[in-house]
Amino acid sequence: MSGGKVDIKVVLLGKAYAGKTSLVERFIHNRFVGDTVPYQNVITIGAAFGAKTVTIDNKNVIIGIWDTAGSERYEAMSRIYYRGARAAIVCYDLTDKSSFDRARFWIGELQKHEENCQIYLCGTKYDLVEAEPALRKIDERETRALAIDVRGEVYETSSKTGKDIERIFRKIATDYLATKKEPMTEENPDLVRLRKASKSKKLCAGCKS
Amino acid sequence: MAAEVREAEQIGNTSDSDSVQTELLETNEIPGKSENALLVATDSFEDLNYAGLTNGTLPTVSTSGTIHSLVKKKARRASALLDENEAAGDNTASSDETTNAVDQESSEVSGEDSQEDHLESRLTDLSLNETESLPEEIPMTQLIPTSSDIEDVNSLEWKQQRRHIFIISESGKPVYSRHGSEDKLVTIMGVMQALVICTHDFQKDTLRSIVAGDHKFVFMCRDHLTFIGITRGRESTQQMLLQLTYMYNQVISVLTLSTLTRIFKQHRNYDLRRPLSGAEKFFDNLLNLMDVEPGLLLSSVRCLPLDSSVRENISHSIVQHAKVKDLVFALIIAQNQLVTLVRMKKYYIHPMDLHLIINLINASESFKAAESWTPICLPKFDACGFLQAHVSYLDEECHTCLLLLSVDIEAFYILSECKAKIKERLVRYNALKAINDSLRRNSYSIQQCSISDLRHFLYKSRSIAQYTSPELEAPYHTKEEQQRLFDLYHYLHDRIHTSGRQLKILFHVGPYETLLGWVTQGFELYAVFGPLVTKTIAIHAVNKLLRWIKKEEDRLFILSSVTF
């Protein structure tokens, strides 16, 4: 599924109740709906799509986000959501060990089917861990090691406080702009002109003589 | 005409039935009749019978369903994603995925095997000892071994529930329970499955229902699953069976029949709660819906009352802006009521499928946050494949929901554009406002019919599979009274439809109200009057009511069906 009027397609993957929808809600609408029952409010059905524009160095980048459902039965469908995605935010709940195993599964899937997809690891519900360090079930060193493995980045976010959420999407947009520039820097306009000029001169000289 | 009243039944009333015969309305004036229906007008209630349901043999799962024929002409990748069976052959990458998942399953299942066998044998023993005492007073507590005091069965709250619904796999594994957690109900579920299996294996018979005290147990086995409904309400066996059929349809809607059969073919012991996780609330919500929404009992749908010009405008907006290849159905639903439905020529939607769609919208908060793209299987349309649904709310308050159902799995962005255009047009022509106004008015009051002593009614036009009923007003404004009214309708419906003896008219005098049920080829009418109404008055009133509905039919029903 590609197309639409977005610059970057970002997909959120992870176990059910890892907090993917909350993360998107915070980023797009800057709100947190799980005030009464934190992080357990709604379960996503299928996948939800949302878009937001981010401005980096005066350039507007429209980020289209696919918030997928974590339930297992959608697994077979999930490929249509991450096909052609530039970036994947793989979420795991910092207070739930099994969610990290699920994250590894998604990384495996992405590496198998979407080589060009940049992976951003995201440990969610940081506010819970901050308030009660004993709740942390996932070691930061472990996640860093995995991030290095996949040549990705790792973030620890909280949709409740908004910690690092803006940062993760700004980083995605910056990385996107950087890759877009890369092909241009390879064929440096100055360098080409110099060569052409010298060649044509030689030719001209050869013709004359 | 005389034939229609011949079978009329009287209960506790002495008025002469001959004198009212001539008063009955001519049937050619059926309100809400239309040749051009948009829903499938089948009576699923009467279609229900045990012969078809409890048969142990499985229906052959073929991939040549409606969806398959729709996508056949399309690129293979789309069909591969729609039909997982095909995906294995078509696409090597996805077959890897499947084997992965299967590996995980098998390792987990083998770990549980021994425990499972042990449990099963224990349960079988238990049930064998206890079967003799079954017809006695509520056997649940007696069946439970004393050691398991943590089980939900022992809690008073659990026991006092009016209705229980269970889904159990063939091997006795719990799949779903309406009340309490399945983990804590393993024993009782195992007992029930044992009863089913014992009857099947030893008696070579099928267990249909058990009556124990004021409880009624109804069993239905379909596709490796056993559905059990237990009630102490007024629902008849047939009506319970209808509820169980809805539950079965909901399972299919989440998984598809092909996936369900494949899972149990590979692993008899498979824990179906895994693929169903996150879908529990669909089951809960569907059962709650059955308690308040008569449409499920009548297998018909309620339409939002709207001026026909407004409704026409809405459907034309959809036709105009959603002329997209592979779009099968487009519909707008507002608070469980159908606003409009546009369909592909040749394809109809079954009321039971529409109820599943309404349930999907009703049960999920997640659609309110953003545009969604989700697979849904409509069992009556095609039990073996998924349609893709683009779901979005058109207004800020999230009352009016637009659904675009397509067979093209890649169509999200196209449909998203369609949605924006439709919304823009509906706003421009004030159609959204009209919908909201109608919602705020809450249907209509019984007083608008200006028939004294008529308290409430349900009117279903059979040809279009739609029904109408006024708001619930005093005396039916409390929860208890509403429940009682529903019980009365269940009773009336059951008395008329009970197989073996179909009635045309039933007049019933109860302690608090008088009921009149009237079923013809064209319609079904269930009316509730005050307690002192005589049969003659009731018949007069009903005729007047039919004339009123006829007058209002353009507003209350969707009489013409719009196609792409």
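Just so it is clear, the model here is predicted, and its values are computed rather than measured.
Applying the salt bridge (Lys or Arg N to Asp or Glu O under 4.0 Å) test to A:Arg170 and every residue at least two apart in sequence or in another chain returns nothing. Partners of A:Asp101 according to the salt bridge (Lys or Arg N to Asp or Glu O under 4.0 Å) rule, which considers only residues two or more places apart in sequence or in another chain, do not exist here.
Neither the backbone nor the side chain of B:Ile414 comes within contact range of chain A, judged by heavy atoms closer than 4.5 Å. Neither the backbone nor the side chain of B:Val391 comes within less than 4.5 Å of any heavy atom of chain A.
Between chain A and the options B:Ser364, B:Ala370, B:Pro375, the largest number of non-hydrogen pairs under 4.5 Å is found for B:Pro375. No other option in A:Gly50, A:Ser71, A:Ala47, A:Gly64 has as many heavy-atom pairs under 4.5 Å with chain B as A:Ala47.
Separating the OH atom in A:Tyr17 from the CG atom in A:Asp96 is a distance of 12.5 Å, to the nearest 0.5 Å. In this structure, CH2 in B:Trp373 is found 8.5 Å from CG in B:Leu404, a value given to the nearest 0.5 Å.
A cation-pi arrangement is absent between A:Lys160 and A:Phe32 under the rule of less than 6.0 angstrom and at most 45 degrees off the ring axis. Remark: A:Lys171 is not positioned above the aromatic ring of A:Tyr120, lacking an NZ or CZ atom under 6.0 angstrom from the ring centre and at most 45 degrees off the axis.
Under the 3.5 Å distance criterion, the side-chain polar atoms of A:Ser99 are matched with a main-chain donor or acceptor of A:Asp93.
For residues 22-32 of chain A, the set of pairs meeting the salt bridge (Lys or Arg N to Asp or Glu O under 4.0 Å) definition, not counting sequence neighbours, comprises A:Glu25-A:Arg31.
Using non-hydrogen atoms only and a strict 4.5 Å limit, the part of residues 278-285 of chain B facing chain A consists of B:Gly278, B:Ala279, B:Lys281, B:Phe282.
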